[in-house]
Amino acid sequence: MALKLSKVCYRYPESAPQQSRAGDLATPSPFTLRCDSLEIEPATMVCVTGANGSGKSTLSRLLCGILTPQAGAVLIDGDDLTGAPLAAFGRRVGYVFQEPAHQLFATTVIEELTCIGQLTTARREHPCLQQRAEALLRRFNLSDLRERSPQRLSHGEQQRLALAAVLMQEPRYLVLDEPSSGLDAASVEFLCQLLNELCQQGAGCCVITHDPRLRPLCGREVTTVAGEVCCSTPTAACPDKARP
Amino acid sequence: MKRLLRDARTKMALVTLLTTGAVVIAQLGALALILLLSLVAAGAYGASLPRMLRRWRAILWLLGVVALFQIAFLRTGRALLTLAGVMLVSSDGLRVAGQVSVRYLIIMAAALIMSTSSARDVTQALTRLRLPTTFVFMVIVTVQFIPRFAQLFRDSLAAMQLRGLDFRRISLIKRARAYLYLIFPVIAAALIAAQDLAIAMETRGFGAYKKRSAR
């Protein structure tokens, strides 16, 4: 039982050739990410670190199916979901984007939590959705903001709302892309506490981060260097030189 | 000569000529010739036609549907295909469908020609053509924001699907509602970006003096 990447290779499509100052046409070489093996088991937390542009976000997008690898497989609890529709991933993996505003669509905070459920479930299940949404609002300290527009919230509040919206699906695995960026100390502390709780409840979490405050929470650290997922070690034993 | 041909201003002139021809000329043969010239020019500038076909597959499908509508609903001219006395395909329907499709293909080929120049080259060319600075700036901003909004739209679509929404399994009405939800973050982001940019430009003195310090 795990969210697993096996012998995965992803190469971005070549961009259009661009004319240089000398007038020649040149095609920039596309970025390639390679990952031999990466496993995120339930009730564990893995952090992914690496320099800017080394492939952390690409790795996270492969884990949740936004990108489909050209080689290798993405397995969730033994099922090969390589190339499966995103909705199939979404039932088991929750993804929080680096920029939370990208995943907030509704006109109010409460609607943000219920809107997708209302589109995908029958009307008789809507009261149940509403109850779950109310519970999440309380858990994420968003009850006072329930009628506010998500676009008018602060970055920290948007981050919490994005995570709450993802948890409406009750995913087994969570992938968070730089969840602490732009958060103040109190918000980071809240996030750490929440991730710990989720982990204890059995969720497997993969956290893409530069933040040293999140590292101690993680049992394992994976490092990406120039497109290679090259280090997967327990956090305490991970060599310093591999860290960015 | 090679440099002149590769200059963004030459490409702009060529694109203007080709697209004007596409709009003004009605003869299908002449339009087909313009399309051929546009594709040859795009190929000569290094644009990849197979990649274009892959990326614009959805638009090409849409073009096909539009052409089918033209054929189905334009019933003037000579009857080319009839079924039980009902005219299914007319000569006018076929001609108009051909004209519309070829015109759109010429415009797409023209866009392909311009895509072989960087945004920087295009804006420099516009400045050298002595177009008003405000207009050039508008072009720069538009060119820079398009990929940002496209990424935002893709992210929002992915986020929605990752929250369990399968567009193929919901009714048309629900699908329309989902697309309305998708438009919201893009409009909000555009307004916020425009507001931020206006403030940033004013703080850097854009348009503060009648005479510009650099051209």
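Proteins come first, then strands; the chains are lettered A, B, ... in the order of their sequence lines, and each starts at number 1. These values consider heavy atoms only, across backbone and side chains, with no hydrogens, waters or symmetry-generated copies.
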Check: E112(A)/Y181(B) side-chain N/O donor and acceptor closer than 3.5 Å: no
Atom group of R154(B) that falls short of 4.5 Å from chain A, counting heavy atoms: neither
Distance, nearest 0.5 Å, that separates CG of L162(B) from CD of Q169(A): 9.5 Å
F97(A) versus A159(B), closest heavy-atom pair with distance: CE1-CB, 3.6 Å
Approximate separation, where rounding is to 0.5 Å, of L180(B) CG and C115(A) SG: 12.0 Å
Any donor-acceptor pair under 3.5 Å from R163(B) side chain to Q103(A) backbone: yes
Chain B contact via R92(A) - which portion, at a heavy-atom distance below 4.5 Å: neither
F69(B) CZ: over 12 foreign heavy atoms closer than 6.0 Å: no
Part of V93(A) within contact of chain B (heavy atom distance under 4.5 Å): backbone
Chain A contact via R175(B) - which portion, at a heavy-atom distance below 4.5 Å: neither
A165(A), part contacting chain B, at a heavy-atom distance under 4.5 Å: both
Smallest separation among heavy atoms of A87(A) and D166(B), with atom names: CB-CB, 3.8 Å
Toward chain B, the part of E99(A) with a non-hydrogen atom under 4.5 Å: neither
Side-chain donor/acceptor of S156(B) to backbone N/O of H102(A), under 3.5 Å: yes
Region of A188(B) that comes under 4.5 Å of a non-hydrogen atom in chain A: side chain
Contact class of L165(B) relative to chain A, heavy atoms under 4.5 angstrom: both
Closest approach of F184(B) to F105(A) (non-hydrogen atoms, all atoms of both residues): CD2-O, 2.8 Å
Neighbour count >12 (heavy atoms, 6.0 Å) for atom CD, Q70(A): yes
Part of L119(A) lying under 4.5 Å from any heavy atom of chain B: both
